[in-house]
Every structure is written in structure tokens, then in C-alpha cells.
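Residue numbering restarts at 1 for every chain, and letters A, B, ... go by the order of the sequence lines.
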Amino acid sequence: MIELFGASISLEPIWLTLQVAAVTTVILLLLGTPLAWWLARTRTRWRVVIEAIVALPLVLPPTVLGFYLLIVLNPNGAVTQFLRGFGFEGQLTFSFTGLVIGSVLYSLPFAVQPLMHAFESLSERLLDAAATLRAGTLDRFFSVVVPLSRRGFLTAATLSFAHTVGEFGVVLMVGGNIPGQTRMVSIAIFDHVESLAYTEAHVLSAMMLVFSLVVLTLVYGLNRRFGVKVG
Amino acid sequence: MLRGQLTLRAGDFLLDSGEFEIETTGVTALFGRSGSGKSLLLRAMAGLDPQTRGHLHFGTERWQDGRWRLPASCRDIGFVFQDAALFPHLDVRGNLDYARRRAPGVTVASMVAIAEEVGIAHRLDQDVGSLSGGERQRVAIARALVSRPRLLFMDEPLSALDWGAKAELLGLIETLAASTGVPILYITHAPLEVERLATRVVFMAEGRIERVETLRDALARPDSPLFDEEGPVSVFEGELGAPGDFGLLPFNTPGARLWLVGTPGRKPGAARLRILARDVALALDAPGRASILNQLAVTVEHIEPESGGRVTVVCRLGDGQRLLAQITAWSAHTLALAPGMAAFALIKSVALVD
């Protein structure tokens, strides 16, 4: 608890939000990179379908995604039972794990799309050149693709992080509102408003506003700087 | 030696090389019109396209067998692309270093030595974006050489350059081919580049390899695709001497001495000379006083069938070198030219290949 502008603010939701966002971002970069690479390079007809699926969270109400996740991840569901077979204890819904799973799916397009565009604009010729200079597949990826796509990675990471920080519907459905465990900032604000604690809501909202503005300014600033160098 | 048969589809175009066997020493030119499949063949040979099928051996090494393909990164080759393909996130030194760090046993000193030989040592710390077209290609060539290739592929490396840079780079490639001894496969659709560089020519048309032959043989065929633009050409290899009176330069080739004018600043040494067949006239009697500088005694070997009112006469010099003359069918008829006849070739103009 801290005192700010006469409101006592619990730090737990803030800390939890940052943790979920950080873990989600890392997972999204790890999963999103190969997926975006595949989407950028493949010539299969299925590409459009996969692209549509990836983009779904952009148009779907978060509650829909959250609802389905609740069904799929429920403690008696196949997924949880399957994991139990590997010694998994606890549950997927109403837990940190659930929050992360929901956030990963919900923020997927924000990671995949910038990466895909970065990979698509990469000249195939450069990869060919690297191959003839004895660079194997992974070597090419880390020595050519990553440095030339750093704007894409930067955008993907920031948008994933920021979008996770700002989500509400999915986390409410999958995570619920357990103080200290699944209550994230956006839900805390909702709570405060519900209980007419407007001062607390004001402080938290202002913090979110400033945070988002700072993050976006940083991204655009960095993009601009890198842009000059890369182009 | 490259031996094999490769197929590769790109959109509607099908490369189907047919069985081929290409000696890999010196410079081998891949010649054909645009759209004949030269670039595709080179990519298939280099292992750059996973859709390639067929089989390919380099010496005793298996490079392609059906769907199986030795990755390009394991073939110890170099590749110079039409657009240089320099890494934009690295400076010139970084580009060369990229090759050096992946090539076994190449020291920084030898990398710098190559940069000097290629003429970009003073650009090492520059951004690749700041280079001119010619410099970009030089860096690309240096980068390929730093990786110590056993075979160097070049895909029209000069096509994007202006006339001056083209001439300079052509000279550089010629020098490097001789000094490094790396065999080169060189794509071009410019007959002049073939005549300047090549020891061997692979002719391509409509996705097939039509023929593989030495430059000498290719030039001895009056119907050679090399002649499509300017008509038949004879190319002589010889030594350029020092300039004498009136700016005349002697060019010595076994069996003949020719004289050139109007090439100031050209250093003596090995050179190739080209003579367009349409610049060669034939006379049965030794011409008396005439303004034509180069007159050679030849023997008529063979007369090609008429086309468009002209015939190409294949002549031989004393040492067996061939000289092509293009004259009107009427002249050939009036002079009653026949194989075995002695004649004099009057050459209106000769030019160095550069």
C-alpha cells in the first residue's frame, strides 16, 4: 500500500500486471517469431486461414475469447487432465498461468503482425548471400534476419507488453478478480469505480495513461532512430 | 568439373538443363538472352533454391540428388549477385568480416589484402549505403573472395553499372580470375564480356543448355549466338607492344602482326583483339598501295551458305587461327572463291576487347 494524492493504492495489482505482461511478452516473442517467419515465407493456401486466426483477437470481443478459454482450461477439462498426467498441480483458470495463457492468445496479433511485416520486407537476396558465405539456417537468422528486423521486434515486444497491461475482458473471464493473485490494474480500476472510490480510480487511471504514453513515445522515438540507420 | 542435370520451376518458367558437363577452370561464361534461364541455372547450381531437382556433382562431391540438396552454405562457393546484396546493417569491413569469420583459416591480414587488391581498402569503415554502384560490386566481389570459394558464381555483376564502372570492373574480374585462380561461372548477355573474359561458353536458350564449348570453338561458328548483335567476330589472343610512330600499336599473335591506332594509355601486355567479319574484305591479288593498314595472307577454308545476300567466309592464317570475313554473295561468286584458295584479308578496323 502506498499513499498517493490522498488515496491508498495497493501495489499488488501493479506488480502482478507487470509480471504477467513481462512473461507474456517473452512467450509471445518466442512463439510469435517462428510463426511470423512461417507466415511470411510460406506459399501454402492455408496461410490466409492461419493469418485470420492470428488476427481474430483484434475483432473478437475479449469476453468471447475469455469464455472459450474458461471452457477449455477448466479444471475438469481435457487440457488440465492431460497436464495432471505430467504431475501438474493447481489449476489453469483463476491463476497466474491462466492470465498468461489468455494474454498470450489475446496479444498474439500484436506480436505476429509487426514481425511478419518485418520478415516480409527482408530481401531474400541477403539470405542467399549469407548462405553462400557459409552461414547455416540458424546463423542466417541471428546474423541477418534479427538485426535487420529489430524494428519489428521492438514494435512486437512493446505492443505485446502494452496491450497485455491494458487488457480487461480476457483476464476478468479467465483470471477473475482474486486480490494478490489475479487482480490486475485494469480490474482494480473497475473495482474502485464500482465501489465509488473515484480518487483511487483516478490515480490508477492516470498512472496507466502516463505509462502508455511514455511507452508509445519511446517506441516511436526508437523506431525513428533505428529507422535512419537501417534504411 | 560440374556434371549433372537440373530442373527448377519458377512460376511459368521451367528450367530443364538437360545433361551437362562443364569444365571448371578459368572463366566459364553462361550466355543467353534474358529469360533463357541463366540466373535460375546458376541458383540451382549454387544450391540456393530448395525446389531444385535432378542431380549435380562437383568433381567427386555430390551436390544434388533428387530432392536431396547439399545446402549452399556447405558447398564452399562464392556468389556475386546482380545487386551486390551487401548487408545493410554492417559497414564494408563488417561485410567482409562476415565472410571471414565463417571461412576456415582466413586471417584479418589476408582479408585486408583482398580489400586492397579489389580496390576498396580505403572504404573499409564506410557505410555500404554511401558506396557507388561500382564500389558496391567491388565489395561484393571482395566478400565472396574472402570466403575462399572453390567456385565463384557471378550473376551479371556489371549489368547495373554505368559504362565507366563496367569497363573498370571487367578489367578487375579478368585480373582476379588470373591472380586467384578461382574458377568462375559468369552470367552475361553481352558478347563483349564473353570475348573478354571467357575460356569456355555455356549457351542457354529457353531453359536448356544448348551447348558447352571453348570460346575458340564458339567464335569459329559463324552461326554462334555470340554474333546475333553485330554479326560474326574473330577474336585473337596476343601481346600488345609499345606504341611506335604515328601512335601505332603493334599486336602480335602467332602467325600475324596487326596494327592498331587510337588506344592511348593502353599498357603493353596480353590482350584480346576482336575483328568484326563485316570489317574484313577479301582480295585474290596482293593489294598494291592502299590505305588499309592490316593485310593478312590467308587460306579460304570454308564458305557458309548465303543469308541476306551475304556470305561468311572462314579463312585461316598461317598458324591455323581463324579469321571470319563477311562479303556479299555477289563478290564471292565473281571471285569464284572456293576452299583451299589463297587470298588476302583486308581488315578495315580492329579493336581491343575491353
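Residues satisfying the ring-ring contact (aromatic ring centres under 6.0 Å, His included) test with B:F81, not counting sequence neighbours, are B:F79.
At least one donor-acceptor pair closer than 3.5 Å links the side chain of B:H89 to the backbone N or O of A:S143.
Heavy-atom neighbours of chain B within the stretch residues 110-138 of chain A, taken at a separation under 4.5 angstrom, comprise A:R125, A:L126, A:D128, A:A129, A:A130, A:A131, A:T132, A:L133, A:R134, A:A135, A:G136.
Heavy atoms of B:R143 lying under 4.5 Å from chain A belong to its backbone as well as its side chain. Residue B:A103 touches chain A through both its backbone and its side chain, counting heavy-atom pairs closer than 4.5 Å. Heavy-atom distances place both the backbone and the side chain of B:D76 under 4.5 Å from chain A. Residue contact with chain A, scored on non-hydrogen atoms closer than 4.5 Å, involves the backbone of B:L86 exclusively.
Heavy atoms from other residues, nucleotides or ligands lying under 6.0 Å from CZ of B:R33 number 12 at most. Within 6.0 Å of CH2 on A:W15 lie no more than 12 heavy atoms contributed by other residues, nucleotides or ligands. The 12-atom threshold is exceeded at CZ of B:F13, counting heavy atoms of other residues, nucleotides or ligands nearer than 6.0 Å. By the 6.0 Å contact criterion, CH2 on A:W46 is open, its count of non-hydrogen atoms from other residues, nucleotides or ligands being 12 or less. The number of heavy-atom neighbours closer than 6.0 Å to CZ of A:F168, taken from other residues, nucleotides and ligands shown, is above 12.
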